[in-house]
Amino acid sequence: TLYPAKSAPSLAAGRRAPVVLGGDASNAARYLHVIGGDDGSTTAFDTVETAPLSLLGVPNAFFTQRNKLKQARSFAAGVRIGRCLYVAGGPAAGAALSSVERACVLDPEKRDLITDLVIDTDKTAGVGPGIWYYRVAAVMPATDTFNPGGENLPSDPFPVRLPDLGATKFDVNLTWQAQAGATKYRVYRSPTAGATAGTEQVIAEIAAPGTTFTDKGAAPIATAMPLAVGSLGTWQILPATLATAREGAGAAWGVDPDDPSQAYIYVLGGRQNATTALTSIEILPITLGAGGVQTPAAAFVASTTALSAARWQLGASRATSDLSPRIPAGTTYVYALSGLAADGSMVSKAEAAPITTGGQLGAFVDLGNSLNRAGYAIMVAGNFVFAFGGGNGTPDTGVVSGEICGTGVSGCGPAAKQVPPGIANWNAGQSMQVGRVLMGGTLSGAYFYVAGGVTSAGTPPTLTNSTEYRLW
């Protein structure tokens, strides 16, 4: 049984079929990201909205990320690995995509530090009296692992109080600590005396290796404000592309059972076009390095196993021992649940396969329990697989859960079947606050989050910008 759903702050815009993922700046600075989606037609979004989460997981107001997707997309598949977010496929302008892109949550530990500030009087120009804040942010090269060609988080605000000396003003001389690999630095200053910290604007760009600047009071050269903690770095289109363009695919990831330095992203099923749903699965190997570095392979690998039935708008999720203690340590299962055929009919399948050495999936196990849902959110936690909304592919408040089989679990059958990845019967009786289909959802920490979606069919459909969350 889940705790009751609670309302969370609204998105700036209703979004159909966004990707929703967690993604944290640190253990104490956690965030919820709502990526892409569309307006209910073929107009996809390239924007990302992010909500800071309290230490107890409660969402605060969303803000719009400065860095946008390189390709507007909805109905994309998405996963989070560490601090990096991946989105694959999805349609743009009505055509399925084969591209994959990634952005990583910027690291607060990789910030510049203003180390010295010297003030000189200036009778001809300079900064006037009042309280001013200064900040410096490094801009990284196009080859940077986490933020290619992007601006990093700024230094903490450095306040300066300048006295009123009549016609005499001040030159403010700044020195900051160099950041390895930076190509240049952006210097920020309050737009006016007394302006709130965080509203600073760019007053100069200094090419590396320079680490000094003298502010003589010139007007800002750009109105952009510094990036906030929780910001994403730039999105990067990966060299690897899906062999088959697809929308509405499921996505999951896991670590190689025999090599903890190797992870894999799985893109399952989906729809190639209006008449062709897919059974195929594509695998993107990711090498995990020191310091959180993630190196995607140059190409996807075709899975040697396939879904038992073609479908899109399906839900997929990984299940591991940290999410379900009934699953043996070191084992990861990929669950793929129901969806729609290309003609819109329901495909009531539920199946799961283990990740094997080298990243291929083992044989899929038919879970034997029908689940008539599409365009729903799937999450695995506490020995259960949950599906939110999307009943019969329509807006629905229902939440159903299937218990992962283990010794003595009623409904799993004889002892030989009382093992993962089997699922006992799907149970209803829980609900969301808003009936939805084609929303995004994710598990982050101890909370389930759902955002956006369609609340009423039609042309165009009625979208919601509402979000909700609940403890599991």
J.: Could you check whether Tyr86 and Gln294, counting side-chain N and O atoms only, form a donor-acceptor pair closer than 3.5 Å?
T.: yes
J.: Tyr469: what forms a ring pair (Phe, Tyr, Trp, His ring centres under 6.0 Å) with it, not counting sequence neighbours?
T.: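 If we apply the ring pair (Phe, Tyr, Trp, His ring centres under 6.0 Å) test to Tyr469, skipping adjacent residues, the hits are Tyr447.
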J.: Closer than 3.5 angstrom, by distance alone: can the side chain of Arg326 be matched with the main-chain N or O of Ile404 as a donor-acceptor pair?
T.: yes
J.: Checking Tyr376 now: which residues fulfil ring pair (Phe, Tyr, Trp, His ring centres under 6.0 Å) with it, not counting sequence neighbours?
T.: none
J.: Heavy-atom distance under 4.5 Å between the side chains of Thr467 and Leu11, does that happen here?
T.: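 The answer is yes; the side chains approach within 4.5 Å.
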J.: Has the side chain of Thr276 got a donor or acceptor atom that lies under 3.5 Å from a matching backbone atom of Asn273?
T.: no
J.: Under a 4.0 Å threshold between the charged nitrogen and the carboxylate oxygen, would Asp112 count as salt-bridged to Arg186?
T.: no
J.: Counting distance only, does the side-chain N/O of Thr356 pair as donor-acceptor with the main-chain N or O of Gly362 below 3.5 Å?
T.: no
J.: I'd like to know if the side chain of Arg311 and the backbone of Ala309 have a donor-acceptor N/O pair within less than 3.5 Å.
T.: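 Flag set: sc Arg311 to bb Ala309 pair under 3.5 Å.
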J.: Is a donor from one side chain sitting under 3.5 angstrom from an acceptor on the other, for Thr304 and Gln360?
T.: yes
J.: With no hydrogens and no angle check, just 3.5 Å: does a side-chain donor-acceptor pair link Gln71 and Asp46?
T.: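 On atom types as modelled, these side chains do not qualify, holding no pair under 3.5 Å.
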J.: Using 0.5 Å steps for rounding, measure from the CE atom of Met346 to the CG atom of Leu371.
T.: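 Met346 atom CE to Leu371 atom CG measures 8.5 Å (nearest 0.5 Å).
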J.: Which heavy atom of Thr241 sits nearest a heavy atom of Phe300, and at what distance?
T.: O-CD1, 3.3 Å
J.: Distance check, rounded to the nearest 0.5 Å: Leu438 atom CG versus Arg16 atom CZ?
T.: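 CZ of Arg16 is found 6.5 Å from CG of Leu438.
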J.: Work out which heavy atom in Phe62 is nearest to a heavy atom in Ser10; give both atom names and the distance.
T.: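 Closest approach of Phe62 to Ser10, heavy atoms only: CD1-O, 3.6 Å.
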J.: So Pro285 and Pro296, do their side chains get closer than 4.5 Å, heavy atoms only?
T.: no
J.: Check whether the side chains of Ser444 and Thr442 place a donor and an acceptor atom closer than 3.5 Å, and report yes or no.
T.: no
J.: Which atom pair, heavy atoms only, marks the closest approach of Val19 to Ala77?
T.: CG2-C, 4.3 Å
J.: State which residues pass side chain to side chain donor-acceptor pair (under 3.5 Å) with Lys184; sequence neighbours excluded, sorted by chain then number.
T.: Glu205
J.: So which heavy atom on Thr455 is nearest to which on Gly435, and how close?
T.: CG2-O, 3.5 Å
J.: With rounding to the nearest 0.5 Å, note down the distance linking CD in Gln262 to CD1 in Ile286.
T.: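 These two atoms lie 8.0 Å from each other.
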J.: Does a side chain donor of either Thr357 or Asp258 reach within less than 3.5 Å of an acceptor in the other side chain?
T.: yes
J.: For the side chain of Gln65 and the backbone of Leu232, is there at least one donor-acceptor N/O pair under 3.5 Å apart?
T.: yes
J.: Hey, what do you get for CZ (Arg246) to OG (Ser98), rounding to the nearest 0.5 Å?
T.: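 The distance works out to 10.5 Å.
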J.: At what distance, to the nearest 0.5 angstrom, does CG of Asp24 lie from NE2 of His33?
T.: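 Rounded to the nearest 0.5 Å, the CG-NE2 separation comes to 7.0 Å.
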J.: Do Glu282 side-chain atoms and Thr244 backbone N/O form a donor-acceptor pair below 3.5 Å?
T.: yes
J.: Would you check if the side chain of Glu109 reaches a backbone N or O of Asp107 as a donor-acceptor pair within less than 3.5 Å?
T.: no
J.: Show your working on side-chain contact (heavy atoms from CB on, under 4.5 Å) between Leu361 and Ile281 and close with a plain yes or no.
T.: CA-CA 9 Å; Leu361 294 174; Ile281 301 169; 4.0 Å; yes
J.: Donor-acceptor pair, Arg80 side chain versus Gly82 backbone, under 3.5 Å?
T.: yes
J.: For residues Ala25 and Leu106, report the shortest heavy-atom separation together with the two atoms involved.
T.: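 Reported closest heavy-atom pair: CB-O, 4.0 Å.
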J.: Determine yes or no for a side-chain-to-main-chain donor-acceptor pair under 3.5 angstrom, with Arg83 supplying the side chain and Gly23 the backbone.
T.: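 No: the side chain of Arg83 does not pair with the backbone of Gly23.
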J.: Given Val450 and Met432, is the side-chain contact (heavy atoms from CB on, under 4.5 Å) satisfied, shown in steps?
T.: CA-CA 9 Å; Val450 294; Met432 297 185 293; 4.0 Å; yes
J.: Do NZ/NE/NH1/NH2 and the carboxylate oxygens of Arg73 and Glu247 come within less than 4.0 Å?
T.: no
J.: Check the side chains of Ser261 and Asp259 for a donor-acceptor pair under 3.5 angstrom, ignoring hydrogens and angles.
T.: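 Note: Asp259 and Ser261 side chains meet the donor-acceptor criterion.
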J.: Quick check on Asp343: does its CG atom have over 12 non-hydrogen neighbours (other residues, nucleotides or ligands) under 6.0 Å away?
T.: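 Yes, enclosed.
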J.: Given the rule in the side-chain contact (heavy atoms from CB on, under 4.5 Å) test, do Trp235 and Val87 qualify, once you have shown the distances and angles that lead to the verdict?
T.: CA-CA 10 Å; Trp235 288 90; Val87 292; 4.0 Å; yes
J.: Are the side chains of Gln179 and Met140 in contact, using a 4.5 Å heavy-atom criterion?
T.: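 A side-chain contact under 4.5 Å exists here.
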J.: In the structure I gave you, are the side-chain heavy atoms of Val347 and Leu340 within less than 4.5 Å of one another anywhere?
T.: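 No, every pair of side-chain atoms sits at 4.5 Å or beyond.
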J.: Report the residues that fulfil ring pair (Phe, Tyr, Trp, His ring centres under 6.0 Å) with Phe75, sequence neighbours left out, ordered by chain and then residue number.
T.: Trp312
J.: Quick check: do Leu443 and Leu323 have side-chain heavy atoms less than 4.5 Å from each other?
T.: yes
J.: State, with a plain yes or no, whether a side-chain heavy atom of Arg15 is found less than 4.5 Å away from one of Val34.
T.: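 In contact.
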J.: Establish, from distance only, whether the side-chain atoms of Asn383 and Ser324 form a donor-acceptor pair under 3.5 Å.
T.: yes
J.: Once rounded to the nearest 0.5 Å, what's the spacing between atom CZ of Arg66 and atom OG1 of Thr47?
T.: 15.5 Å
J.: Using side chain to side chain contact (heavy atoms under 4.5 Å, CB included) as the criterion, list what pairs up with Thr332, not counting sequence neighbours.
T.: Arg318, Thr320, Ile355
J.: Side chains of Ser7 and Gln433 only: does a donor on one sit below 3.5 Å from an acceptor on the other?
T.: yes
J.: Given the rule in the side-chain contact (heavy atoms from CB on, under 4.5 Å) test, do Glu49 and Asn465 qualify, once you have shown the distances and angles that lead to the verdict?
T.: CA-CA 11 Å; Glu49 295 189 54; Asn465 64 351; over 6 Å; no
J.: Using modelled atom types only, decide if a donor and an acceptor are shared between the side chain of Gln272 and the backbone of Ala245 within a distance under 3.5 Å.
T.: no
J.: Between the side chains of Glu351 and Ser308, is a donor N or O closer than 3.5 angstrom to an acceptor N or O?
T.: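 Short answer, yes.
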J.: Can you name the nearest heavy-atom pair linking Thr50 to Gly230, along with the distance?
T.: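 Where Thr50 meets Gly230 most closely, the heavy atoms are CG2-O, 4.2 Å.
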J.: For residues 248-257, pull every pair meeting side chain to side chain donor-acceptor pair (under 3.5 Å), keeping only residues two or more places apart or in separate chains.
T.: Asp256-Tyr264
J.: Taking side chain as C-beta onward, heavy atoms only, is Gln177 less than 4.5 Å from Val136?
T.: no
J.: May I ask you to test the Gln236-Lys70 pair for a side-chain heavy-atom distance under 4.5 Å?
T.: no
